[in-house]
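Everything below concerns the one structure shown next.
Per chain, numbering begins at 1; letters A, B, ... match sequence-line order.
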Amino acid sequence: MEAFALLSRGGARFNKDRFRDQVRLFETTGEASTSSDTGIGAASLPTELDFFKYASGSDTKPRSTKSKGKLPAAATSPLLGSSMLLEDAMSVDEEGSSGDESSTGRSIHRIAATGSRIPEPAGDFEILSQRYGLSQLLLDNLASNELSHPTAIQCQAVPILLEKRDLAGISPTGTGKTLAYVLPMFALLGSPLTSKDRPEAQQGTKEHGPRALIVCPTRELAGQIYNECMKLAQGRKWNILLFSKGASSSEQKKAMGKVDIVIGTPLRILAAIREEAIRLDNVRYLVLDEADNLLDTDFGKQTEEVLESCTHPDLQKCIFSATLPQVAERVAKRVLVDPVRVVVGVKDSASLNVAQTLTYCGTEVGKLFALRQLLATSPPLPMLIFVQSKERAKQLYQELLYDNLTVDQLHSDMTSKQRIESVARMRRGETWVMVCTEVMARGMDFGGIKGVVNYDFPTTVQGYVHRIGRTGRAGRTGVAVTYFTDADVPFLRPIAQMINQTHAQIPEWTLKLNKARKMKSDEKRRRKVKRDSVTKVAGGLVGRRDALRRRHGGKKEKKLSPRGGRNGARTSSSAIDASGDDGEWSGLS
DNA sequence: TCGCTTT
């Protein structure tokens, strides 16, 4: 009974007006808290993206006694010399204690930086340029890609990296982390290396192979980072290599030649090392993107092996993610040398631009029912629908195929080509609904995504944060809908709390769940739920697909496109359209 | 469970 009541209240009667209110409510609360930090009225951008707020914010605060143009090397910090352990630092940012950091602008952006000799943040690219001498070409490339103002993480991370420091950068999804490490990478590399530049050096063994390496967990993300690099690479003959399965093998063979930057997935890089197609002893700039994922138990071994292959004495390392659980933090502490740890906002928190809801659906049947209801009434399109397994992705895809919308799928059972094409259709705006596995959960930046549906309940809080972070990017708003069934209830608490923290409206009883009911293996925060097949369910939903197929005469009905081709204006960190569609990196294959 | 080499 209660189940039915909740179903109809929470999800099935999903109604546009109610929803709209939620978004508004949400935005209001979000802005209220940021404006209290700045003493400035609410603006349309979230703190971490509002650079003007940053600029004017320093006027409303007491001026720093330090001179603004002071060299960062001489900059002091409340934590100077304390050389805090990464773990120790955790308590600091949670209490929001930052000593005199209001004078540096960190508090305005809610940046917490810990470590020794922390460089001053830079409020815009001109300041950066003056301080560190960025090339005019680099500045032009930023400008021509509409990257006019740095985001919070960029303000703080770029100076740190330019001073050749190790860094752990933690910033919410969609806040421009890629550019935060790509920009200093190009600045530090200076110019592309050619054999003409250094004929003798080419002979020396130390001078082979890339000088910069970016590691990330999926091929799609690698491709996206590649595109982001190409934006700043314009005008010079940088040799940038996309190194993952699905990328061109002939291109990858060049890895031993004059290569500046390699971007790749762990296993592919290791394979290349083993077959001596690449060597990493010339790498001076190493990035682990989605670091907690790369350092977790599954990926960890591979990643550490890659790390061990980077033997250059001047190796600079940085890791980035929106989430960094303690386990990963511990590894990071071990790997990084005298690092600065930067946290924008609150660590492990969800994007404030996403309106979140949690919906009880009782059973598998209930979820399908709720989803159809959502799709039929006020779906936030385009959207991603996350499921737990590849099989379920295929099933749900098939199930939705004959509904009147353009649906697509993406999971690792598809071929490289299929995956590339699926991403391309999404980028071009041809797909309304993409059914996908965790492969799409991290880093992917389809700028126009309006909705995320957690059809299957996420197995970790981090997973939740990253999934819903596919929307609400670069200052836009988005919505996230999470379904759960009776089987998910024991695992509900941490995610329900997270949603509650961000002011979303969720069924009250989910918050009152007895703490004892939460997962036993709290350490890993993982779980296993055996799920029925999406389609193999009792009752009236069986056979629906066949009915639809008959109705459509075996053909797909003409389907509307979610967007009229291209996305509208886009802001800084949204990587996608500005550089065109898929072709850029898939074209290499 | 998912993701990640090449042959």
Between the side-chain atoms of A/Asp298 and the base atoms of B/dC4, is any donor-acceptor pair under 3.5 Å? no
Please report, rounded to the nearest Å, how far the P atom of B/dC2 is from the NZ atom of A/Lys390. 5 Å
With sequence neighbours excluded, residues passing ring pair (Phe, Tyr, Trp, His ring centres under 6.0 Å) with A/Phe186: A/Trp238
Could you tell me the separation between the CZ atom of A/Phe299 and the P atom of B/dT5, rounded to a whole number of Å? 8 Å
Within the 4.0 Å heavy-atom criterion, would you say A/Pro217 contacts the bases, only the backbone, or no part of the nucleic acid? sugar-phosphate
Once you round it to whole Å, what is the distance between P of B/dG3 and CD of A/Glu438? 9 Å
Output yes when at least one side-chain N/O atom of A/Thr218 is less than 4.0 Å from OP1 or OP2 of B/dC4, else no. no
By salt bridge (charged side-chain N to carboxylate O under 4.0 Å, His left out), which residues pair with A/Asp289, not counting sequence neighbours? none
Strictly under 6.0 Å, is that where the ring centroids of A/Phe457 and A/Tyr483 end up? no
To the nearest angstrom, how far is A/Arg467 atom CZ from B/dG3 atom C1'? 14 Å
Between A/Arg219 and B/dC2, is there a contact of a side-chain N or O with OP1 or OP2 at under 4.0 Å? no
So, is A/Ser244 near the phosphate of B/dT5, with a side-chain N or O under 4.0 Å from OP1 or OP2? no
Say you draw a straight line from CZ of A/Arg284 to CG of A/Leu213; how long is it, rounded to the nearest 0.5 Å? 13.5 Å
So, OP1 or OP2 of B/dT6: does either fall under 4.0 Å of a side-chain N or O from A/Arg268? yes
Any base atoms under 4.0 Å from A/Arg419, or only sugar-phosphate, or nothing? Heavy atoms, all strands. sugar-phosphate
Separation of B/dC2 atom C1' from A/His466 atom NE2, nearest Å, is 14 Å
Tell me: CZ of A/Arg531 to P of B/dC2, nearest whole Å? 12 Å
Please state how far atom CG in A/Leu221 lies from atom P in B/dG3, giving the value in whole angstrom units. 14 Å
Separation of B/dC2 P from A/His411 NE2 (nearest whole Å): 10 Å
Would the A/Phe484 and A/Tyr360 ring centres measure less than 6.0 Å apart? yes
